[in-house]
Amino acid sequence: MRLAVVGATGAVGTVMRELLRKRAFPADEVVLFASERSAGKVLDGLTIQPLRDDTVGGFDIALFSAGGSTSKAWAEKFAAGGAVVVDNSSAWRMDPDVPLVVSEVNPDDLDDARKGIVANPNCTTMVVMLPAKALHDRFGLTEMVATSFQAAGGAGQKGIDELAAQVAPLAEDVDQLVNDGRAAARKVEHSVHANTLAFNVVPLLGTLNEEGYTDEEMKLRNESRKILGLPDLRVTPTCVRVPVMVGHSIAVRATFARDPDLGEALEALREFPNLLVEEAPTPLEWAGRDETVVGRVRRDLADPKVLNFFVVGDNLLKGAALNTVQLAELVVDRGLVGSAAPAA
Ligand code: A2P
């Protein structure tokens with residue numbers, strides 16, 4: 001089994017490499033790829049390769065986390081060379097010939113990888129999908145109002161670095177933070193996040209469309225519909241960046257076809273694989289954890305068909321690298337390696 005890791009030097013790629021080791025992924029050979037900037041450097045005792053037509057053939061599985069444009073340009077070439085590609089970018093997620101899979105939610109969709117490509121959902125969508133599926137199976141989900149609190153690490157290593165660099169300069173002058181926040185915000189650089197993120201909350205994550213929603217918010221709606229197999233699911237998303245390094249949280253107001261009983265809802269959540277229930281989970285305390293955790297589960301004050309809850313997951317682990325590796329494991333277990341239909 002030859003395995004490629006594309007984007008091996010990035011925030012998600014680094015966690016992928018750790019997980020492959022930790023979970024003893026059955027690869028005989030691992031080849032790491034990154035940009036031309038990193039080619040030739042040594043990581044885990046392996047020399048990083050550049051993406052070139054003569055380096056991408058002959059793999060069984062390729063894990064991609066190198067951004068959408070790299071996936072668009074190279075995933076089909078790996079697939080044509082015989083690999084099943086598990087792609088963490090947004091490039092292929094809505095392609096009807098590419099399954100979009102959360103390992104605990106819709107693993108059977110893996111059999112529909114007609115291009116030899118499988119897509120990993122957006123890190124925020126991923127975290128919501130576990131409780132949404134658990135509750136949908138009991139009560140029939142019809143609508144979600146989802147407001148995210150997304151960590152800096154959702155923007156990759158550069159997102160983490162930008163937040164880290166802002167904290168100390170702003171913390172030096174607490175008086176300014178309290179009395180002249182605008183001046184404090186201007187004291188540091190930002191280019192990854194839409195505003196200074198340290199000591200702040202930034203309600204703009206991605207590019208706005210004509211209707212006033214960001215691409216990140218549209219991913220939450222469109223990907224939820226595809227994963228849950230509910231094309232008409234009503235979703236109202238608001239995506240917000242918060243000064244957390246790693247760990248996305250989402251407050252969800254979920255409406256169901258049947259009145260949800262709270263005890264039955266908690267039972268469904270507790271029984272769902274890799275999902276835990278706690279009273280009030282926080283992202284800081286959840287960084288580094290494989291499981292997703294849901295808390296503040298309560299009936300709506302006004303509408304008997306509604307449950308409100310708060311869900312937290314490590315965006316680099318379950319939100320990205322862990323699900324990618326889980327999908328690769330499922331691809332192996334289901335005998336899909338070598339069976340991918342190469343791209344035309
Ligand atoms: P590099 O470190 O050489 O730039 P992150 O999501 O943390 O920003 O990481 C992005 C990953 O994708 C890194 O491993 C980065 O490699 C890789 N990458 C970025 N652009 C390209 C490209 N054009 N070709 C291959 N890999 C790329």
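Both counts, for ligands and for their atoms, begin at 1 and track the order of listing.
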J.: Who pairs with Asp53 by salt bridge (Lys or Arg N to Asp or Glu O under 4.0 Å), at least two apart in sequence or on another chain?
T.: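 Salt bridge (Lys or Arg N to Asp or Glu O under 4.0 Å) list for Asp53, sorted by chain: Lys77.
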J.: Between atom CG of Asp333 and atom CG of Leu110, what is the distance when rounded to the nearest 0.5 Å?
T.: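 One finds 10.5 Å between CG of Asp333 and CG of Leu110.
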J.: Which residue owns the protein heavy atom closest to atom 7 (O) of ligand 1, what's the atom, and how far is it?
T.: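 Of every protein heavy atom, Ala11 N, 2.8 Å lies nearest to atom 7 (O) of ligand 1.
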J.: Knowing that exactly one of Val312, Asn274, Leu275, Leu317 qualifies, which makes a side chain to side chain contact (heavy atoms under 4.5 Å, CB included) with Thr292?
T.: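 Only match with Thr292 under side chain to side chain contact (heavy atoms under 4.5 Å, CB included): Leu275.
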J.: Closest non-hydrogen protein atom to atom 4 (O) of ligand 1, residue and atom name please, with distance?
T.: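 Result for atom 4 (O) of ligand 1: Arg37 NH2, 2.7 Å.
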J.: Please assess Glu216 against Asn122 for the test side-chain hydrogen bond (donor to acceptor under 3.5 Å, both in side chains), listing each intermediate value before the final yes or no.
T.: CA-CA 8 Å; Glu216 187 79 1; Asn122 168 267; 3.2 Å; yes
J.: Ignoring hydrogens, just give me the one of Ser65, Ala73, Pro50 whose non-hydrogen atom is nearest atom 10 (C) of ligand 1.
T.: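 It is Ser65 whose heavy atom sits nearest to atom 10 (C) of ligand 1.
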J.: Tell me, which protein residue and heavy-atom name are nearest atom 18 (N) of ligand 1, and how many Å apart are they?
T.: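 Checked against all protein heavy atoms, atom 18 (N) of ligand 1 sits closest to Ala66 CB, 4.0 Å.
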J.: For atom 8 (O) of ligand 1, which protein heavy atom lies nearest, and how many Å away is it?
T.: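 Sorting protein heavy atoms by distance from atom 8 (O) of ligand 1 puts Lys158 NZ, 3.7 Å first.
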J.: Please check whether Gly156 reaches ligand 1 - meaning an N/O of the residue sits under 3.5 Å from an N/O of the ligand, judged on distance alone.
T.: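 Min N/O separation from ligand 1 is not below 3.5 Å for Gly156.
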J.: Do any nitrogen or oxygen atoms of Gly10 lie less than 3.5 angstrom from nitrogen or oxygen atoms of ligand 1?
T.: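 Yes, at least one N or O pair falls under 3.5 Å.
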J.: So which heavy atom in the protein is nearest atom 22 (C) of ligand 1, and how far is it from that ligand atom?
T.: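 Result: Thr70 OG1, 3.4 Å.
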J.: Tell me: protein heavy atom nearest atom 13 (C) of ligand 1, and distance?
T.: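 Residue, atom and distance for the closest contact: Thr9 OG1, 3.3 Å.
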